Amino acid sequence: MTEILENKVAIVTGAAKGIGFAIAKRLSEAGAQVVLADIDAEGVRAAASRLDGAQGVVCDVRDEDQVAKLVADAVAEHGPLDVMVASAGVATVKPLVQMPLAEWREVLSVDLDGVFLCTKHAGLTMSQNGGGSIINIASIKAFGGSPATGHYGAAKAGVVSLTKTAALELRAAGVRVNAICPGWIATDMVMDRKAELESALGMDMEQAIGQLQGRLGIPEEIAGLAVFLASERSGFCSGTAYVVDGGATASLP
Ligand SMILES: NC(=O)c1ccc[n+]([C@@H]2O[C@H](COP(=O)([O-])OP(=O)(O)OC[C@H]3O[C@@H](n4cnc5c(N)ncnc54)[C@H](O)[C@@H]3O)[C@@H](O)[C@H]2O)c1
């Protein structure tokens, strides 16, 4: 059977672990040539070594020169870029009134500036080469408040907005741009902050997650949608933020 992403070239940022790695793995299994990028040099090389023919590259998405080089090197080595998945992200837990400006800026610089830079540089090369698919990983926190993660939610709302604008600006060049908005997914981003999140939520994580979305999601449950959005099967999908959250945002009090 022909794989749906055969001969496609894909970059995934934040791919050393978590959702980014799960997406890179599924893209690779669907036939794509995948470049995994991450600020964690050891982690990204180890992650790439687990996937057939994949490459691991160090890139800090906050730095425009590094993102431009990531894209240019991928094109030079593998050919025109077909897919960009911007999954690199960070989070901290702090109420807005206690938030140092530096901490606010740090989260915004990875979670919003980083996605902007990936969209910009991928969009530029894709629009010069006949098109492609850009997939930005946002969050359900783009759509509402969430105690102690105001910086993160603001960044993710920004990601949804820039995704829509990029989709309109790049439509004529054949570039589709979409966002995926996961609910709570069991990765280090969540599990490493369990105690802080429980304190902010005022209850056990199991209880909070149970009320919100039944259970924690797993990274593979995000990866399937990413593969679909990367492929030409989603050719009429652009400018949309797709929620994958076990129903968390469906509920009213
Ligand atoms: N886990 C969740 O519940 C959840 C929910 C909604 C959205 N998200 C989003 O999904 C994406 C992936 O998160 P995850 O849960 O897999 O987190 P994770 O912590 O498991 O992985 C994040 C990856 O991003 C990398 N990274 C951090 N800063 C970077 C930088 N400046 N440049 C390049 N790489 C960098 C890290 O090294 C790490 O490998 C993030 O954008 C996150 O905001 C996660």
Side-chain angles (χ1 to χ4, degrees), residues 2-15 18-37 51 54 61 71 74 78 80-89 111 114-127 129-140 142-143 156-183 185 187 217-246 249:
T2 308
E3 300 294 354
I4 60 171
L5 295 176
E6 203 167 28
N7 300 322
K8 301 291 186 189
V9 176
I11 294 173
V12 182
T13 73
I19 293 169
F21 177 71
I23 292 172
K25 183 167 183 288
R26 289 290 298 272
L27 292 174
S28 175
E29 289 166 354
Q33 170 69 56
V34 185
V35 177
L36 291 81
L51 306 182
V61 298
V71 171
H78 305 293
L81 182 65
D82 299 292
V83 179
M84 165 64 84
V85 181
S87 187
D111 294 4
V115 173
F116 156 63
L117 292 173
C118 290
T119 299
K120 174 181 173 180
H121 288 279
L124 193 57
T125 187
M126 287 174 178
S127 61
N129 281 297
S133 173
I134 298 172
I135 301 158
N136 295 325
I137 308 302
S139 164
I140 54 171
F143 307 117
K156 297 302 187 179
V159 168
V160 169
S161 177
L162 85 82
T163 295
K164 290 172 187 281
T165 298
L168 298 177
E169 290 180 354
L170 296 169
R171 179 167 54 195
V175 182
R176 298 181 296 107
V177 191
N178 291 287
I180 298 177
C181 300
I185 308 296
T187 66
I218 57 171
E220 291 70 22
E221 289 173 311
I222 305 302
L225 177 58
V227 170
F228 172 69
L229 291 173
S231 80
E232 280 151 23
R233 291 179 184 173
S234 61
F236 201 47
C237 300
S238 194
T240 297
Y242 295 87
V243 170
V244 185
D245 70 352
T249 50

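No experiment lies behind these values; they were computed from the predicted model shown. Basis for what follows: all heavy atoms, side chains included, without hydrogens, waters or symmetry-related copies. Sequential numbering from 1 along the given sequence is applied to the chain's residues.
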Donor-acceptor pair, Ser127 side chain versus Gly123 backbone, under 3.5 Å? yes
What pair of heavy atoms forms the shortest contact from Ala30 to Val227, and how long is it? CB-CG1, 4.1 Å
One should read off an interatomic distance between Lys156 NZ and Ile140 CD1, to the nearest 0.5 angstrom, of 12.0 Å
Leu81 and Ala122 have their tightest heavy-atom pair at CD2-CB, 3.9 Å
For Ile222 against Pro182, the heavy-atom pair lying closest together: CD1-CB, 3.6 Å
Between atom SG of Cys118 and atom CD1 of Ile137, what is the distance when rounded to the nearest 0.5 Å? 11.0 Å
NZ/NE/NH1/NH2 to OD/OE distance under 4.0 Å, Glu169 and Lys164: no
CG/Asn129 to CE/Met126 distance, rounded to the nearest 0.5 angstrom? 10.0 Å
Are any side-chain N or O atoms of Thr163 and backbone N or O atoms of Ala179, one a donor and one an acceptor, separated by less than 3.5 Å? no
Look up atom OG in Ser238 and atom CG in Leu168, then write down how far apart they are to the nearest 0.5 Å. 8.0 Å
Is the backbone of Ile19 close enough, under 3.5 Å, to the side chain of Ser87 for a donor and an acceptor to pair up by distance? no
Contact between Arg233 and Ile4 at the side-chain level, heavy atoms closer than 4.5 Å - yes or no? yes
To the nearest 0.5 Å, what is the distance between CD (Glu29) and CG (Leu51)? 7.5 Å
Starting from the C-alpha separation in whole Å, work towards a yes-or-no answer on side-chain contact (heavy atoms from CB on, under 4.5 Å) for Val61 and Val115. CA-CA 8 Å; Val61 298; Val115 173; over 6 Å; no
Hey, does the side chain of Asn178 reach the backbone of Thr240 with a donor-acceptor pair shorter than 3.5 angstrom? yes
Considering all heavy atoms of both residues, which atom of Ser133 and which atom of Ala230 are nearest to each other, and what is their separation? OG-CA, 3.8 Å
Val9 vs Val83, test: side-chain contact (heavy atoms from CB on, under 4.5 Å). Steps then yes/no. CA-CA 6 Å; Val9 176; Val83 179; over 6 Å; no
For a quick test of reading the model, state the closest non-hydrogen atom pair linking Leu36 to Ala54 and the distance between them. CD1-CB, 3.6 Å
Return the minimal non-hydrogen interatomic distance between Ala74 and Val35, and the atom names on each side. CB-CG2, 4.2 Å
Under a 3.5 Å distance rule, please check whether Thr13 uses its side chain to pair with a backbone N or O of Ala37 as donor and acceptor. no
Report the distance from atom NE2 of His78 to atom CD1 of Ile11, rounding to the nearest 0.5 Å. 8.5 Å
Do side-chain atoms of Thr165 reach the backbone of Leu162 as a donor and acceptor pair under 3.5 angstrom? no
Does either side chain, that of Arg176 or that of Ser234, offer a donor lying less than 3.5 Å from an acceptor on the other one? yes
Please evaluate residues Leu229 and Cys237 with respect to the criterion side-chain contact (heavy atoms from CB on, under 4.5 Å), reporting the C-alpha separation (whole Å), side-chain torsions for both, the decisive distance (0.1 Å), and the verdict. CA-CA 7 Å; Leu229 291 173; Cys237 300; 4.2 Å; yes
State, with a plain yes or no, whether a side-chain heavy atom of Val243 is found less than 4.5 Å away from one of Phe143. yes
Step by step, would you call Val160 with Cys181 a side-chain contact (heavy atoms from CB on, under 4.5 Å)? CA-CA 9 Å; Val160 169; Cys181 300; 4.1 Å; yes
So for atom CD, which belongs to Glu220, do other residues, nucleotides or ligands contribute more than 12 heavy atoms lying within a distance under 6.0 Å? yes
